[in-house]
Each structure stands twice: as structure tokens, then as C-alpha cells.
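Notes follow once the structure below has been shown.
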Amino acid sequence: MPRKNLLKHVKKIVVKIGTSSITEKDGISIKKISGFVDDVDRLIKKGYRLVIVTSGAIATGATTLGRKRDSITIPEKQALASVGQVILINEYRKHFDKKGIKVGQILLTEDDVKNRKRFVNARHTLDTLMEMGVIPIVNENDSVAVEEIKFGDNDTLSAHVACLIDADLLILLSDIDGFFREMDDPEPVEEIYEITEDVVKRAGGSGSSHGTGGMFTKIKAADIIIRFGEMMVIANSGVKNVLGRIMNGDKIGTIFVGKNKQLKGKKRWISMRNPRGLLVLDAGAVEALRIKKKSLLASGIKSAAGHFEMGDVVELSDESGNKFGKGSINYNRSELELIKGKRTGEIKGILGSKYFDEVVNRNDLVLY
Ligand code: GLU
């Protein structure tokens, strides 16, 4: 399909810009950042809603403090991020000010999207900023993000941000032209509809000397995006007016196109979560969910595994072990042990007055 048609309905865009696309060896590149801001400004004037995910905090901190990034400890890196982030956001602010556009800074860790309440809060803030005509500029909160709570790279972070705002398109700008099937191919692949094992293998595990994300993390991001039925473009930030040209339908870089039905809102959040438990359902419940499009009731649950709390995501399986969906559950594990297999009318007597008719509501369910 021509790119122009693919991109026709796009309204909300997340643009991720990599470290090498806004910095030089001696710190932030005014030329690169002002070129990028010009490009973003043109899209805003065309009516697109836009969130920027920027890298470059650690690199900027390192040049500011005269440190080499390859010989520093993790706490030092976190310290550099805190120094660099201030300079980075200020540079954006200065350039966007010239266009009459205000910016807001949002620093996230993985915890902020895993937890449903914090996810919803972050979404409200991002939506409100966009409604106010402000451009949200997001980075990972590197200064506080320890191993267990961090995304680790901004490609993955930007896919989650795209999920947060229900974006129609994610654009990853870096110093590479797109996804190449063979190393020595002259042009990148134009369109990819599926992340096959072969694509993953060819993406390798690399990272450049500037940022943490190589092609591997970009493909991981594409995998998340196309699972939602949305689109992602990998393109080179060095192309003049790259964003405008992408939106114009020019064949720049590689476009990843999701073919599944679009998942929005809470369902999208559910599909992103690693399940905390597993429920095995009897044939009647499987049919109710899959064919009759009903909610999951306690009576059809044969067994449960894992440690989950109310609101956590659990996976669903039939009695032969086929996993067919995920949902956010209304009960914790110990409550579930008491009510599994019971009729809805019995739950009140078992658990007292605070109860739900459904174990997993239809609206909180994603089937594979
Ligand atoms: N959050 C990091 C920074 O701002 C960049 C991570 C990445 O390049 O993926 O320095």
C-alpha cells in the first residue's frame, strides 16, 4: 500500500530521537537540535499531536563534567544523567521558545507504566499537555532507575510512551537509514508487516558507541507497536525535513505496519504486561470468553497459579494448556482459591459484601 495511504489517519505521533542525532563529541549540537525542532514545528503546524522521547542526557552530562562514558560506574552514570538532563531540556526549551511552543518534561521509569494507577496518571498528564498545545519531552528517569525498574533504552521506552498516549505512529530517528535485510544491501527494507525470527536474527544485539539502542531494541519496539496494530518508522535524522517527508509518504527508512486489529486504552496496557499468574478454565468458560464474548466468572475456573493481587494481569488457559488470553483480575490469589468453581451468587457469602460478579470483566480481557 502506498505510504501516504498508510499514514492518512495518523493523528498522534511519538518521535524518539537518539543520542547521536542531537549530540556531537563535545556535547549538544545546536545545529542538530535546531534542525530537529524546525522539523517538529512543521508537523505541529500541520495539526499533528506529538510527544518527543529524547536521549542524550548521559552523553551531555559526560561532556559537561569531562568524563568518558565507557569507564564510569552505574551511580556515576546516574549522576551524569541528572546533570545532562537539565542542560538537554533547557536546550529544547530555548529552541521551541523561538517557535512560540512550550515544552514540558516527563521522566519515567518502567514502574510508572507497570502500575495501572501510575500509568493512567502519566497518560492524563501527557494528554493534558498536548491539549494545552505543549510538547511533552520524555526521557527515562535514569538518575533513579535501578535495574529492576528501568526500561534500559529509549527505543523500548518510546514504544511504551506510544502505548501510553494511544499513538498511531512511532518514529525512531537515529544515525541509521532503516532496517537492512543484508549488511551490504544498498537500501533498507521498505515495509515490514511481521517481526519474524529472521528479522530478529538480522537485528543482532548491537548498540552504537553513542546510545544504548542498536537495531535489536528498535525491532523490539516494532514488535510492541505492530502487536497493537499501529505503525513505526525507523529513519535517519540526517535526512533534511525527515519528519515532514515521512508524513508526506516519501519512501524514507523502514515502515513497520501492524495488521492486527487495533488495541486501545486499558486493553493495550493489559497486552503489554507480563502475567503474574495463570488461570485454567473449563470448556464452558473458554467458550463463553472466546465465542460468546462474555466475562470470566468464578464458576468456570478450575485452578490458579502464581501470586497476583487485584488489578494484576493473569494469563488464561484451557484444560489442555493452550494459553488464549490475558486479563486484569478483580481478585487476589487467596480470594480466588476460595471462590473458584463457585457460582456468582455464592461469592458474597464467602467473601462478604465487597465483591465483583466477574473475575475478569470483558473490558479487561485481551484474547490472542
Ligand atoms: N536515557 C538515556 C539518556 O538520555 C539514553 C538511553 C538510550 O540511548 O537508549 O542518556
Side-chain angles (χ1 to χ4, degrees), residues 14-29 32-33 36 51-93 103-113 122 135-164 170-176 203-225 232 234-238:
V14 174
V15 180
K16 180 255 169 175
I17 182 140
T19 299
S20 64
S21 299
I22 40 163
T23 61
E24 297 283 8
K25 274 199 294 301
D26 52 354
I28 295 180
S29 158
K32 288 181 179 176
I33 209 165
F36 176 61
V51 173
I52 294 173
V53 174
T54 187
S55 300
I58 297 171
T60 305
T63 38
T64 305
L65 297 181
R67 303 295 295 260
K68 285 226 166 14
R69 277 194 299 149
D70 37 18
S71 58
I72 50 174
T73 62
I74 289 173
E76 281 172 337
K77 220 183 202 172
Q78 294 185 301
L80 294 184
S82 90
V83 172
Q85 182 63 31
V86 184
I87 300 168
L88 185 63
I89 197 73
N90 198 34
E91 209 55 54
Y92 277 108
R93 185 190 61 75
V103 299
Q105 170 176 271
I106 304 209
L107 301 176
L108 296 172
T109 63
E110 202 187 6
D111 254 11
D112 298 318
V113 302
I135 299 188
I137 302 186
V138 180
N139 194 0
E140 177 140 27
N141 197 350
D142 293 308
S143 301
V144 300
V146 288
E147 204 51 55
E148 310 79 62
I149 59 159
K150 76 174 178 191
F151 293 104
D153 67 85
N154 277 8
D155 295 328
T156 309
L157 168 65
S158 61
H160 284 264
V161 172
C163 167
L164 257 177
L170 168 63
I171 301 177
L172 300 184
L173 295 180
S174 69
D175 51 6
I176 42 177
S206 64
S208 83
S209 59
H210 304 290
T212 50
M215 189 47 78
F216 189 72
T217 52
K218 291 182 176 46
I219 294 301
K220 225 174 87 188
D223 192 32
I224 295 173
I225 294 295
M232 185 183 108
I234 299 178
N236 194 322
S237 61

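Keep in mind that this is a model prediction, so the values were computed, not measured. Numbers here simply count residues along the sequence, with the first being 1. For ligands, and for the atoms within them, numbers begin at 1 and follow the listed sequence.
The shell of residues lying under 4.0 angstrom from ligand 1, judged by heavy atoms, includes Gly56.
The CD1 atom of Ile224 sits 10.0 Å away from the CG atom of Asp155 when rounded to the nearest 0.5 Å. Here CZ of Phe151 is found 9.0 Å from CG of Asp111. Values are rounded to the nearest 0.5 Å. Going from atom OG1 of Thr156 over to atom CD of Glu140 covers 9.0 Å, rounded to the nearest 0.5 Å.
With a heavy-atom cut-off of 4.0 Å, Asn139 touches ligand 1 through its side chain alone. Heavy atoms of Ile58 found under 4.0 angstrom from ligand 1 belong to the backbone as well as the side chain.
Considering all non-hydrogen atoms of both residues, Leu88 and Ser55 come closest at CD2-O, 3.5 Å.
Nearest residue to atom 3 (C) of ligand 1 from Ala57, Ser158, Ala81, Gly61 is Ala57 (criterion: closest heavy atom).
For ligand 1, the atoms sitting less than 4.0 Å from at least one non-hydrogen atom of Asp142 are 1 (N), 2 (C), 3 (C), 4 (O), numbered in the order shown with element in parentheses. Ligand-side atoms of ligand 1 in range of Asp153: 9 (O), range being under 4.0 angstrom from any heavy atom. Close approach of ligand 1 to Ser55 is summarised as follows: ligand atoms under 4.0 Å from at least one heavy atom of the residue are 4 (O), 5 (C), 7 (C), 8 (O).
Every N/O-N/O distance between Asp155 and ligand 1 stays at or above 3.5 Å. Considering backbone and side-chain atoms together, Lys16 places no N or O closer than 3.5 Å to any N or O of ligand 1.
The ring pair (Phe, Tyr, Trp, His ring centres under 6.0 Å) test applied to Phe36 returns no partner, not counting sequence neighbours.
Between Glu76 and Arg67 there is a salt bridge, with a side-chain nitrogen of the basic residue lying less than 4.0 Å from a carboxylate oxygen of the acidic one.
The main-chain N or O of Lys16 is never found under 3.5 Å from a side-chain atom of Ser158 such that the two would form a donor-acceptor pair.
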